[in-house]
Amino acid sequence: MTTRQPKLIIHGGASSLEHKGGLESVRQSLHQIVAEVYDLLLQGSPAIDAVIRGCQLLEDEPRFNAGTGSVVQSDGQVRMSASLMDGESQNFSGVINVSRVKNPIHLAQFLQQETDRILSGSGAVDLAREMQIPPYDPLTDFRIQEWMEERRENFQNKNRMARLIAQDDPDSSARRGTIGVVALDQQGRIVAGTSTGGKGLERISRVSDSAMPAGNYATKQAGVSCTGVGEDIINECLAAKIVIRVTDGLSLPQAMEKSMQEAKNHNGDLAAISLDHSGAIAWGKTCPILLGAYHTGEKIGDTLEWGEEELMGYIA
Ligand code: GLY
C-alpha cells in the first residue's frame, strides 16, 4: 500500500504568552511536542495514537490550560473536559467536567470503543476509578494563587474579564486556554483531540465546547480542534462547520476563512487549527493570538507571531 506524508498541527490555546514563560519558551515547548508526535507518525503510528500522545504531552505541560495547570472554577475546584474524534470511524468520545485525573484524554480514548461514548461529572470520575487510574491533583501553585487573588477581590475580575472580552482586549486572554492536536497519518486517516480546564471561574456544571463537536470534529475529509471562549465556539458550531464545509466541496482555506469571517461578524472570541485529506494545514482566529505549531513533513512552523489582524493562515 502506498503511504502518505503525515501532517500534524497542535495548539496550546489562544491566551497571552505573559504567564507562559514568554515567546521563545512557549515556542520551544510546542516545537518539541510537534517533533516528538511527528516522529510517531513517521514510524507508522496510527493518527489516533499520535493524537492521544500529543494531547497527553500538552496536558502534562503546566503552562497550558488542560490536565496539569488547568484553571480553577468558581468554587475553587478543577474540572476538565476532553474529546477525541476518529475521522475514519467518525466516532466521537469524550468526558465533561472530570476531576482528579492526570490525563482526561485517556478517558476519551477508552470511550472510543464503548456504546456510551460521552460521560459527564461523576460518571466520568467513576470511569477513571474503573480504569484504575490513580487519583491525581492537577492544581498548580500558579492556578491556586490566581484563584486566591480572585477570591480576595470578591471575583470582580470575572466581570472585568467579560468586559475585556467584549472589547477584544488582549488582557482577556486568560479565558481562552485549551490544547488540541489534529493529525493525518501515513494511511490517510485523520483524528482530532482537544482538552481543557475550561474558562476559569465558571459556574459549577458549565459545559465546555472541548467535549462537543463544536470544539473538536473529524471525518475522512478533515479535522479541526478549537480554542477560545467555549460559548462563542458553540454558537458557531465551529469545528463541525469547517469540516462539513470541506466535505461539501470547499477547500480547507476557504472553509476556514468563511467560518472565521462569520465568527468575527458575531464578535466571536476563538481560534481553530485544522488539516484535510489532501495534506493542507490551516488555522484561523478572531482573537489576538493563537499558540499553534505544525509539521509539514519538510519543516516545523508556528503561529506565535502571526499577525493580530489576520483571520486565517494555511500551507497547501
Ligand atoms: N474553549 C474552552 C472552554 O471555553 O471551555
Side-chain angles (χ1 to χ4, degrees), residues 13 15 55 59 64-85 92-108 110-111 114 116-131 133 135-140 143-144 146-148 150-151 153-162 165-166 172 174-180 193-217 225-240 268-270:
S15 60
C55 287
E59 285 177 341
F64 302 128
N65 173 21
T68 304
S70 285
V71 294
V72 177
Q73 299 195 339
S74 54
D75 62 346
Q77 300 298 312
V78 172
R79 294 182 188 85
M80 301 164 286
S81 300
S83 70
L84 193 60
M85 186 150 185
F92 182 98
S93 61
V95 285
I96 297 169
N97 288 328
V98 65
S99 51
R100 300 198 72 77
V101 295
K102 189 161 190 243
N103 294 110
I105 197 69
H106 288 157
L107 301 184
F110 178 88
L111 290 168
E114 298 292 292
D116 300 329
R117 284 197 295 275
I118 307 168
L119 297 184
S120 68
S122 60
V125 176
D126 282 350
L127 173 66
R129 207 173 298 129
E130 208 179 295
M131 290 169 67
I133 294 177
Y136 176 82
D137 185 359
L139 188 59
T140 58
R143 293 304 187 191
I144 196 67
E146 229 178 25
W147 187 80
M148 297 289 277
E150 291 292 336
R151 200 174 72 155
E153 292 172 20
N154 204 19
F155 298 103
Q156 288 307 307
N157 199 33
K158 186 178 172 188
N159 300 327
R160 192 176 75 85
M161 281 295 178
I165 285 170
S172 64
R175 306 185 91 194
R176 299 194 196 103
T178 308
I179 64 93
T194 303
S195 182
T196 188
K199 284 198 298 192
L201 304 179
E202 60 266 72
R203 272 177 191 258
I204 301 162
S205 290
R206 179 252 182 191
V207 175
S208 166
D209 63 289
S210 298
M212 289 187 194
N216 188 69
Y217 200 72
S225 166
C226 299
T227 179
V229 175
E231 284 72 3
D232 293 358
I233 296 166
I234 293 164
N235 285 349
E236 299 300 318
C237 201
L238 188 64
D269 187 346
L270 46 78

Please give me the minimum heavy-atom distance between Ala239 and Gly215, naming the atom from each residue. CB-C, 3.7 Å
Counting N and O atoms only, with roles assigned by atom type, does the side chain of Asn65 sit under 3.5 Å from a partner on the main chain of Val71, one being a donor and the other an acceptor? yes
Working to the nearest 0.5 Å, report the span between CD of Gln77 and OG of Ser70. 12.5 Å
Within this structure, what is the CG-OG distance for the pair Leu119 and Ser93, rounded to the nearest 0.5 Å? 9.5 Å
Quick one: does Pro138's side chain get under 4.5 Å of Met80's, heavy atoms only? yes
Quick one: does Glu59's side chain have a donor or acceptor within less than 3.5 Å of a partner on Ser195's backbone? no
Nearest heavy-atom neighbours spanning Ile204 and Ser74: N-OG, 4.1 Å
First locate atom NZ of Lys199, then atom OG of Ser208, and finally report the distance between them rounded to the nearest 0.5 Å. 9.5 Å
Heavy-atom pair of closest approach, residues Ala82 and Ala211: O-CB, 3.7 Å
State, with a plain yes or no, whether a side-chain heavy atom of Leu270 is found less than 4.5 Å away from one of Val229. no
Can you sort out the partners of Asp137 under salt bridge (Lys or Arg N to Asp or Glu O under 4.0 Å), two or more places apart, ordered by chain and number? none
Without swapping roles, check the side chain of Arg117 against the backbone of Phe92 for a donor-acceptor pair under 3.5 Å. yes
Is the closest side-chain donor-acceptor distance between Tyr136 and Thr68 under 3.5 Å? yes
Side-chain heavy-atom pair Val95, Leu111 within 4.5 angstrom cut-off: yes
Would you indicate whether the side-chain heavy atoms of Ile118 and Ile96 approach each other to under 4.5 Å? yes
Can you find a heavy atom in the side chain of Glu146 that is under 4.5 Å from one in the side chain of Val72? no
Contact summary for Ala128 and Leu107, nearest pair of heavy atoms: CA-CD2, 4.0 Å
Tell me the closest heavy-atom pair linking Pro104 and Gly67, and the distance in Å. CD-CA, 4.4 Å
Tell me, with the steps shown, if Ser120 and Asn97 meet side-chain contact (heavy atoms from CB on, under 4.5 Å). CA-CA 6 Å; Ser120 68; Asn97 288 328; 5.9 Å; no
Find out whether Ile179 and Phe64 are in side-chain contact, i.e. whether some heavy atom of one side chain is under 4.5 Å from a heavy atom of the other. yes
Restricting to non-hydrogen atoms, name the atom on Leu84 and the atom on Gly193 that form the minimum distance, rounded to 0.1 Å. CD1-CA, 4.2 Å
Tell me, please, which residues at least two apart from Ile234 pass side chain to side chain contact (heavy atoms under 4.5 Å, CB included). Asp209, Met212, Ala214
Contact between Ser81 and Thr196 at the side-chain level, heavy atoms closer than 4.5 Å - yes or no? yes
Is the number of heavy atoms from other residues, nucleotides or ligands under 6.0 Å of Met131 CE greater than 12? yes
Is it the case that Asn216 and Ser83 place a side-chain donor and acceptor less than 3.5 Å from each other? yes
Side-chain touch Arg143/Val78, heavy atoms, less than 4.5 angstrom: no
If you measure from OG on Ser99 to CD on Gln73, what distance do you get to the nearest 0.5 Å? 9.5 Å
Which residues pass the salt bridge (Lys or Arg N to Asp or Glu O under 4.0 Å) test with Arg206, not counting sequence neighbours? Glu202, Glu231
